[in-house]
Structures are given as C-alpha cells and as structure tokens.
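The chains referred to below are lettered A, B, ... by the order of the sequence lines, with proteins before strands, and numbering in each begins at 1.
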Protein chains: 2
Amino acid sequence: MLGSVVLAGKGYVDFSSVKGSTIKETIYMSTQKMFTPVQIGRAGEDIALQLEAAILEEKIVPGERLPSERELQAQFQCGRGVIREAIRALRQKGLVEIRKGAKGGAYIKQVEVATVSESLALFLKQQHIGTDHIAEFRESIDRVITVLAIARAGMAEKKDLVKEAEKLLKMAGQSQPDKETLSRLDRKLNIQLAKMSKNPVFEWVMDAIQHGFSSNDYALYEDSEYRLKTAENWCETARHIVENDPTRALNSISAHYTLLQRCVAARASGVAGSAEEEAFG
Amino acid sequence: MLGSVVLAGKGYVDFSSVKGSTIKETIYMSTQKMFTPVQIGRAGEDIALQLEAAILEEKIVPGERLPSERELQAQFQCGRGVIREAIRALRQKGLVEIRKGAKGGAYIKQVEVATVSESLALFLKQQHIGTDHIAEFRESIDRVITVLAIARAGMAEKKDLVKEAEKLLKMAGQSQPDKETLSRLDRKLNIQLAKMSKNPVFEWVMDAIQHGFSSNDYALYEDSEYRLKTAENWCETARHIVENDPTRALNSISAHYTLLQRCVAARASGVAGSAEEEAFG
DNA sequence: TGGTTAGTTTGGTAGGGCCATTGTTTGGAT
DNA sequence: ATCCAAACAATGGCCCTACCAAACTAACCA
C-alpha cells in the first residue's frame, strides 16, 4: 500500500518513487552522485509532476478523480498545503477541475485550447506585440487553411460556410447591429473554416490567436463602412471556396487583411475619439 | 497606507479594491447590494488576478519584486496560504520567479516562450495528435517563414545560415555523431531561420512547436541515412535562400518534410527495435 | 409521496510554528 | 587594513490544527 494511491475505489496508481524524491533524500543522494543538481525546496512540484505523469500516462482518465487532499496527504506523507499547491498547479495547467463538497475533489479533464490561448495571450500582451505582426501571421495561417479546406472539405460544409457568411452580411447590414454578436459570428466563421482544413492543429492555433486578440476583430466592426465591406468579403471568400477556386479565395483573404490594416490605421490616426464614444454608447 | 502595498521600498501599488473582495467583506456587502453574487471560494484567485493586473499594467516592472508573503498577508488581511497559492499561480504563468532566502521573494520577469510551449506541448500530448498533423502545420509555417526570410533578411544573415547548415552537415558526416547535438543544431537552424522572417510571432510558434515535439526531429537523426540526407537538405535550402530563389527553397522545404514522413514511417514499420537499442547505447 | 433537515465528505481559509536557504553584517585572526 | 568565518536577519518551504462553506446523501417527518 505504501507508495501507491487508492483512486476513488477504481484501482491503484503507483507513486512509489515519491519517497525517494523527498528533499532530504535528494540531499543525501547528492553526496554520492556528484554534480547532481539538488532539487531542493520543490517537494510540492515533485508531487505535481508525478500526478501529471499519472494523468498523461492515462493511469487516471478524464472523468475520474484524484483522491481527496487529505488522502493524498496521508499517502505522500506530507502536509496538506503541499498537496494543495500541487493540485492547484495541475488545475492551472488545465489538467484537472476542482469541485467542492462531497464527491468533490480534482477531476481529470481534457486540456482545453482555451488554456493554451490564455497562456499565449498573456505572453503576447506582455511582449507588446504589434498588431501588424499578429495580422501577418494570421493571414498566412488563413491562406493555408483556405487551400486545405478547398481540397479536403465536403461540399456540404462549404455551402454551410456560405450560409453562415450570408448570415453575417445580413446582420452587418442592419442599421444598429450588435457589434459583439458580429464579432462572435466572425470568430465562428474563422473556426468553421479552420475545421474544414481537417487538421486540428490549425483549428487550435486559430482559436488561440483569436482569443488573444479578439479586440482587433472587434474594432473591424465598429465602423459601419468596414463592417459591411468585411462581411461582403467573407461572403466572397466563401463563394470562391464553394467554387473550388483557390486563387480567387486567397485574393479574398488578402483583401480581408488589407481591410483590417486600413481600418486599424484609420482608427489610430484620428477617428478613434468618436469610435470610442460609440463603443460605450 | 491601507489598501496599498509597499513595493520593496520602490513605491506603492494600489490594491484598495482588494478589501472589498475579501470573503467576509463580500458577504457583508451582499446584505446591502442585493443579488450580488457572493464570489466565495476564490480569494486566492482574486488576489492572483489583482497582482497579475498590476504586473501587466506595469505598475511593477521586471526586475522588481512583490512584497514578501508575510507582508502581503498583512496587507490583504488573509492567511499566508492564500497568498502562497496566488503567487504560485503567477509563477506557473511565468510572470514571476520565486527566490528563497534574504532578498528573496517573487521577482517579476518577462514571460518566456517556453511557458507557452509547455502549455501547448501538454495540450498536444493529451490530445494524441498524429505526427502527420503536426508536420503539416509545421511545413506550412516553414514555407511562409522561408519566403519572408528571403524577402526581408540581410545577406549576412543568409550567409550565416548556410554556414550553420554546413556545420550541421559536417557533424552529420562523422562516423559516430552525437545525436543530441545534431538535434540541437537542427533546432537552432530552425529558430535562426524563423528569426530572419523579422516577425517574432513566427519565431515563437516555431519555438513552441519544436519544444513540444523535439522527439520527432530526434528520430530523424537516429538513422545514418536520413541523418545525412536531412543535413544535405538543410544546406540546399540555405543555399537557395542566399540565392533568393523562393521556388527552389520551398521545394527543399517540402523535401525535408517528405524525408521526415518517410523516416517515421520506416521506423514505425519495423526498424524501431535496433534504433531503440542504438539510442540507449 | 415529497420536501426538509441533519450528517458526511471535501475543498477553502486562518494562523501559528519550525526549518532551510541566502544575503548581510560583524568580529576576530592574521 | 584585509580576509575569512561565524552569527544574524529576512524569506520561502513545509507542517499542523482548527474551523468554515459547499455539496451530496440519507434519514426523517408531514
């Protein structure tokens, strides 16, 4: 029993290596193995790593839960605070979801893209990335996605894309459209297109980028002129995809980003005041 | 003084809103403001968010440090455990680095790409992504990077790329090359090329992808045949970049990924045994 | 039958104490 | 005066105990 953990009545997971990686043990080891970096002051981290490994090796699968903090405390022979920190680390990584109360605890779950997006957004925010760099990256991704989508997606999907784009156009044409809804539709279109590439990596990257910089797209729908043009551009792109015309589709994509570029430039140069006012009206 | 935090003798940061978000205060508040959702069970998170906001707004800049845990505990009027959890969350996000001892504490630092990479790698790992999907994404990125590099990088950089590629080739030609070193060189080449695109986003994405899947590249250097071919392919690519010949450069890139694909297929089909043995020799 | 209440499990928080580490200061020996 | 070692102080890491709050369970009563 020692060194293993009862998994909510489901079975056992071997954490026998834990005792050997305790702080004091490591120090003793260092007198034998020379130049072995003594990983001190990180017992909690050690536990987190072991739990993470157990999860990644699918010894515990999504839907199941880790033992309670008090149980783990007993199994790992350490204070509850350490266990808490370890679990919180897993939670921050998106590996578990913590619930309170009876039948509560750390439930294993699939890592969501949003977790990666958050991390990315934080990074980009702190690095003061210019919108032009982001836009350039996004455009290049969009182009690849478009080509792949034309080659791989079924006609039904393609037609559905047109339908959604027309929905966006219709909404953009209204006199007082809800900008947030427009943004959401735009985002949805992007993801829908990304899905059609049949490569989840593109879908996730697109998702992450959008999460990190939704404010840009939002700006595009502030101005009624750009709003309509953008929606029309989406329809055009979708039509070219249905027609299996990569060249024209790519041209549309380029036009989209030219629009975006012009739009942010215009807003930055002076119209920002009135636009800002409109945003809070 | 109340509601603000002394910043290691540098100044003050206003955390006045914190008192209002303390558990007990919130409960008291709820008797006044009706239907105000009592956000209980998240005090630590609340504090983490406030500290994070202060960092992102650059009220505290990299190099400086947060007050000690005990100070924060006093300022925020809560237990030390809560403060610890908040700080650990920041640390996990890569926003601070924690040092022990005198003059220790949570030092603000720039978020590193590695943080995002880790998050991404974890996600990809848990989703069981096929290497083909990753490779496809990476190839598309590589192609864009190459075109941008040809257009934007200076001749000196381009020639340096060739030099590094030749270094790789020379090492790959040795009878008993160190595969780890080869992998590292390959990685370095990729990043170097990405830098030449003059768009940091590409650089980071490449970095993140590589961190998440270094094992693939590693495999490429296991087999002596692929090892040489890959190195030669790198040289070819670099030469075409120097010659400002995008078409041929892109062809080289495609060839690289064809090689990779063939290599992993070969290893998967049967040669895995001997290769595995060689790896641990 | 149906709703209410008490009990149990489990995370959330408080607060105190001790240890290990590390930068600084001090004091003694040369 | 210089240098080195020992004491000191600040600070994170860890432990412990107690209590609260939420959420599920089961017993109980109308």
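Between A/Arg84 atom CZ and C/dG11 atom P the separation is 8 Å, expressed in whole Å. Counting to the nearest Å, the P atom of D/dA10 and the CZ atom of B/Arg99 are 19 Å from each other. Note: CD1 (A/Ile47) to C1' (D/dG13) measures 12 Å, nearest angstrom. Rounding to whole angstrom units, NZ of residue B/Lys100 and C1' of C/dT21 are separated by 5 Å. Separating the CG atom of A/Leu66 from the C1' atom of C/dT10 is a distance of 13 Å, rounded to the nearest angstrom. Separating the NZ atom of B/Lys103 from the C1' atom of D/dA10 is a distance of 10 Å, rounded to the nearest angstrom. For A/Leu72 and C/dT9, the CG to P distance is 17 Å, given to the nearest whole Å. Distance CD1 (B/Ile87) to P (D/dG13): 9 Å, rounded to an integer number of Å.
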For nucleotides 17-19 of chain D, which of its nitrogen or oxygen atoms have a protein nitrogen or oxygen under 3.5 Å away, and what is each distance?
none

Inset, instruction - Go through B/Phe137 and A/Ile141 one step at a time and tell me if the side chain to side chain contact (heavy atoms under 4.5 Å, CB included) criterion holds. - result: CA-CA 9 Å; B/Phe137 176 78; A/Ile141 295 287; 3.8 Å; yes
Inset, instruction - For the pair A/Glu97 and A/Arg91, evaluate salt bridge (Lys or Arg N to Asp or Glu O under 4.0 Å) and give the outcome as yes or no after the intermediate values. - result: CA-CA 6 Å; A/Glu97 172 198 352; A/Arg91 175 176 157 286; over 6 Å; no
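Closest to the side chain of B/Ala102, out of D/dT11, C/dT22, C/dG11, is C/dT22. Considering only the side chain of B/Ala43, C/dT13 comes nearest among D/dC14, C/dT13, D/dA10. Across C/dT9, C/dT13, C/dG11, the shortest atom-to-atom separation from the side chain of A/Ile98 is found for C/dG11.
Annotation for A/Lys195: atom NZ does not count as buried by contact number, only 12 or fewer foreign heavy atoms lying within 6.0 Å. Counting non-hydrogen atoms of neighbouring residues, nucleotides and ligands closer than 6.0 angstrom, the CD atom of A/Glu180 reaches no more than 12 such neighbours.
Using a cut-off of 4.0 Å between Lys/Arg side-chain N and Asp/Glu carboxylate O, A/Glu52 and B/Lys125 are scored as not salt-bridged.
Residue B/Gly101 is classed as a base contact, given a heavy-atom separation below 4.0 Å to a base. Within 4.0 Å (heavy atoms only), B/Gly105 reaches sugar-phosphate atoms of the nucleic acid but no base atom.
Remark: A/Arg65 is in phosphate contact with C/dT10, judged by side-chain N or O atoms under 4.0 Å from OP1 or OP2.
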Side-chain donor-acceptor pairs of residues 106-122 of chain B under 3.5 Å, sequence neighbours excluded:
{"residue": "B/Tyr107", "atom": "OH", "partner": "B/Lys103", "partner atom": "O", "Å": "2.4"}
{"residue": "B/Thr115", "atom": "OG1", "partner": "B/Glu112", "partner atom": "O", "Å": "3.3"}
{"residue": "B/Ser117", "atom": "OG", "partner": "B/Val113", "partner atom": "O", "Å": "2.9"}

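Remark on DNA chain D: of its neighbouring residues B/Gly104 and A/Glu85, the 5'-side contact belongs to B/Gly104, judged by nearest-heavy-atom nucleotide. Both B/Glu69 and A/Gly81 lie near DNA chain D, and the one whose nearest nucleotide falls closer to the 5' end is B/Glu69.
No donor-acceptor pair closer than 3.5 Å links the side chain of B/Arg138 to the backbone N or O of B/Met206.
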